[in-house]
Structures are given as C-alpha cells and as structure tokens.
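Take a look at the structure below.
Order of appearance sets the numbers: ligands from 1, and atoms from 1 within every ligand.
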Amino acid sequence: MNPPDQFEGTFNVTFRHRVLFERDAFGTGTALANVLSSANEAPVTTLAVVDDGLVQAAPDVPRRIEDWFGRHTTIATLATEPIVLPGSERAKQGMRPVVDPVIEAIRQAGLCRHSCVLGIGGGALLDAVGLAASLAHRGVGLIRIPTTTLAQGDAGIGVKNGVNIPNVTGGKNLMGTFAVPSGVINDPTLLTTLDDTHWRGGLAEAIKVALVKDHVLLDTIEASADALVRRDLDSMEHVLKTCAHLHLRHITDGGDPFESKLARPLDFGHWVAHELEARSDWTVPHGEAVAMGMSVDLQVGKAMGLTDADTADRVDSLLRQLGFLRTPCGSVTTSELLEGLEHFRQHLGGRLTICMIQSPGSPIDVHAVDMDITASALDAVLAGR
Ligand SMILES: NC(=O)c1ccc[n+]([C@@H]2O[C@H](COP(=O)([O-])OP(=O)(O)OC[C@H]3O[C@@H](n4cnc5c(N)ncnc54)[C@H](O)[C@@H]3O)[C@@H](O)[C@H]2O)c1
Ligand SMILES: [Zn+2]
C-alpha cells in the first residue's frame with residue numbers, strides 16, 4: 001500500500017518534576033542519593049559544576065561534594081573533580097563563560113545521555129549549566145542544587161534555562177531551552193553565606209508568587225518580615241518551600257508547562273526587571289529588579305483603577321521593610337525602561353500581555369498600559385521614591 005500524501009500521529013510524554021528540601025545535603029542527607037539512583041543505572045557518571053561565588057564564600061563545598069561521592073560509589077561516580085565556573089550574570093553572557101566549558105567537559109569526560117550534570121549555584125549559573133546539559137547529546141540528565149534564596153524558591157524550580165546575548169538590549173534569556181531536571185535539591189544551610197542583597201532576593205519572587213497565587217503567603221511574609229530581615233533560616237525555609245511548592249504546582253497543573261500561551265502570570269513585574277538588569281549592565285540584581293518591577297506595575301495598576309489601593313500600598317511598604325526599592329540604578333532612564341514593553345512583547349511573541357494584580361491571589365492580564373502613568377511610576381522607582 002502506498003502511504004498517503006499527508007499523515008500524522010500524536011504522542012504524550014510524562015515528566016516527573018521533583019523538589020526535595022533537605023538540610024546538609026552533602027553530609028547526612030539522602031536526597032541526592034535518592035534522585036541519582038532513580039535517574040539512571042548505577043553508578044551514574046556525574047559532572048559537578050559549582051558557582052565560583054559560592055566557592056568564594058564557602059571554600060569547602062567542592063571538597064564536601066567529592067567526599068559525598070567518595071561515600072556513595074555504588075550510586076554515582078564523579079567524572080572529574082568539581083569544576084568551578086563563573087556565577088552571577090557573568091555566567092549568562094553568551095556561551096563562553098559556562099555553556100562552552102560544560103559541553104567541553106561533558107565531551108572530555110565521555111558523559112552520555114545516561115550520565116548526569118549536577119549544577120550547584122545561583123540562578124544564573126543554573127540557567128547556563130542547564131542549557132549546556134540540554135544541548136550536549138541533545139540532553140544529558142540534570143540535577144540542580146540551588147544555593148541562593150531566589151534559586152531555591154523560583155529559578156531552580158522552573159523547567160527552563162538560558163543565557164543572554166551579550167551587549168544587545170532585549171538579549172536577556174534569548175538563547176534557551178525547556179528541559180525538566182531529574183530533581184532539584186534545596187539545602188537551606190547553603191544560604192547562610194549569602195550577602196544581604198541575595199539573602200532577600202528570593203523574597204521578591206516569593207511576594208510575586210503570593211500576589212499571583214496565594215494571599216496567605218503574603219500574610220506569612222508580612223508576619224515574618226522582622227525575622228526574615230534578621231536572617232532567621234527557619235522563616236526563610238518556610239517561605240521558600242511555600243513559594244517553590246506553588247511554583248511547581250503551576251508548572252505541573254497549570255496547563256502550560258512550556259509557556260506556549262500568552263499569559264505568563266509568573267512574569268509579573270518582569271518586563272521592567274529584565275530591561276533594568278540589562279540597562280544597568282547587570283549591576284542591579286534580579287531580585288532587586290523584580291521588586292522594582294512589581295512596584296511599578298502595582299502603582300500603574302492602582303492609577304489605572306485595576307489594582308486596589310490597599311494592595312499596592314501594602315506591598316510597597318513590605319518591600320521597603322525587607323530592604324528593597326533602595327538600589328541605585330546608575331544612569332538608567334525612564335525612556336530606556338519603557339522600551340522593555342516592546343522587548344517583553346517580542347520575548348512572549350504575539351500580542352503584548354502583562355500580568356497585573358487586582359488583589360493578592362487575583363491576577364489579570366492586560367494588553368495595554370497608559371504610557372504617561374507608566375512613565376511616572378518608572379520615574380518614581382528610579383528616583384527611589
Ligand atoms: N530559569 C528560570 O525559570 C528562572 C527564574 C527566575 C530567575 N532566573 C534567573 O536567575 C538569575 C538570578 O539568580 P540569583 O538571584 O540566584 O542570582 P545569581 O545566580 O546571580 O547569584 C547571586 C550571587 O551569589 C553568588 N552565590 C551563589 N550562591 C551563593 C552562596 N550560597 N553564598 C554566597 N554567594 C553565593 C553568585 O556567585 C552570585 O555572585 C537571573 O539570571 C534570572 O534571569 C531564572
Ligand atoms: Zn524572576
């Protein structure tokens with residue numbers, strides 16, 4: 001029988017997406033052994049890639065990783081000693097800083113599709129390592145061990161990765177893939193060496209998730225604001241766990257894991273944030289930029305009658321209490337930031353869709369904003385008002 005001129009089939013693939021919170025993951029913990037042993041046939045050849053900022057703050061981490069593998073030889077073996085690569089947004093300036101060396105290390109160490117890359121670091125390093133792992137052999141297994149608050153609550157939970165096109169406006173995350181990690185292991189004890197800026201960074205994303213999905217989380221962050229500022233690890237762990245859980249449920253149950261729809265609620269505040277990070281030459285960290293972006297969108301929503309005034313003012317004072325909205329933005333201007341709207345539209349594709357907040361837990365999509373109102377809100381946030 002001759003095949004017809006047109007034919008098609010459909011297939012479904014089931015992904016498992018796991019997040020495990022565990023203290024002392026490289027010591028007494030069992031999460032890494034569980035994830036590695038369920039990923040592939042033992043012993044899994046593993047390449048560990050560590051964030052240089054983490055190593056600077058906690059120099060014993062590479063040795064602790066080696067010791068862990070030394071104690072678990074039946075489960076996994078290290079292909080080479082842990083490689084230390086640039087963390088921070090430096091990791092994402094094109095392919096050279098992290099993606100190329102990780103792919104080269106995968107080649108040299110003879111890793112295959114049944115091997116595993118273990119990324120240990122902040123959201124930026126994880127984004128770049130994840131891209132490398134998804135490209136090599138069309139996808140080597142990936143386990144993430146996020147080491148910033150932002151990465152434990154948000155960046156490490158997402159099923160995407162990517163790097164920027166350097167020196168190009170709108171180049172943030174322009175090169176990336178969707179890839180579901182074999183597991184995400186969040187060890188809160190790794191957060192103690194963070195500076196104050198990156199300690200609070202994850203709280204900006206947690207407030208975002210609360211505004212989009214869960215008013216109770218906003219109450220919790222408010223109630224524990226003093227403890228969070230005092231760097232109480234239990235309070236931070238509770239907030240990050242709730243945030244990560246809501247984020248994971250959004251991916252697994254939200255009906256759009258690979259973001260093909262226009263609505264992107266978890267990008268609330270991000271059109272400003274991405275433009276601000278790039279225009280400040282990455283001197284404004286992601287968490288600070290998200291806090292400013294949310295402040296802008298809440299003030300715009302309030303002035304346009306979309307956001308209730310109580311919510312906008314309440315979040316503004318919470319952000320200030322936590323230490324946000326004070327970062328200098330250098331010479332970035334309002335008109336530069338306004339271009340972020342168009343870059344955001346291009347990034348999403350199709351029609352401009354911005355998530356706004358009516359009240360905590362009640363997001364709405366809008367397709368246009370009042371430019372005068374937006375410019376005033378940007379002026380205010382740039383001036384630190
Ligand atoms: N893939 C996603 O779904 C997703 C979601 C949100 C954000 N992101 C990305 O995440 C990045 C921001 O991540 P981030 O906030 O973790 O910042 P980051 O990765 O830039 O890390 C912040 C700084 O902390 C250092 N560091 C990491 N761990 C440390 C530790 N335990 N102690 C001391 N220093 C440590 C890093 O070297 C860096 O200098 C952005 O590039 C953003 O676009 C990705
Ligand atoms: Zn973000």
- Task: Could you grab the protein N, O or S atoms closer than 2.8 Å to the Zn ion (ligand 2) for me?
- Result: E205 OE2, H270 NE2, H286 NE2

- Task: Name all residues meeting the ring-ring contact (aromatic ring centres under 6.0 Å, His included) criterion together with H198; count only those two or more places apart in sequence or in a different chain, and write none if there are none.
- Result: none

- Task: Please state whether D51 comes within less than 4.0 angstrom of ligand 1, counting heavy atoms only.
- Result: yes

- Could you list the residues that satisfy side chain to side chain contact (heavy atoms under 4.5 Å, CB included) with N167, not counting sequence neighbours? none

- Task: Determine, using heavy atoms of H274 and all atoms of ligand 1, whether some pair is separated by less than 4.0 Å.
- Result: no

- Message: List ligand 1 atoms under 4.0 Å from A57, heavy atoms only on the residue side.
- Response: 32 (N), 33 (C)

- Is there any N or O on L150 that sits under 3.5 Å from an N or O of ligand 1? no

- Message: Under a plain distance cut-off of 3.5 Å, with no hydrogens placed, do E89 and Q93 share a side-chain donor-acceptor pair?
- Response: no

- Message: Quick check against the 3.5 Å criterion: does N164 have a side-chain atom that pairs as donor or acceptor with the backbone of P166?
- Response: no

- Message: Angle between ring planes, W68 versus H72, binned at 30° and 60°: parallel, tilted or perpendicular?
- Response: parallel

- In this structure, which one of L246, I251, V209, D154 forms a side chain to side chain contact (heavy atoms under 4.5 Å, CB included) with L266? V209

- side chain to side chain donor-acceptor pair (under 3.5 Å) involving D316 - partner list, sequence neighbours excluded: R320

- Message: Considering both backbone and side-chain atoms of E205, is one of its nitrogen or oxygen atoms within less than 3.5 Å of a nitrogen or oxygen in ligand 1?
- Response: no

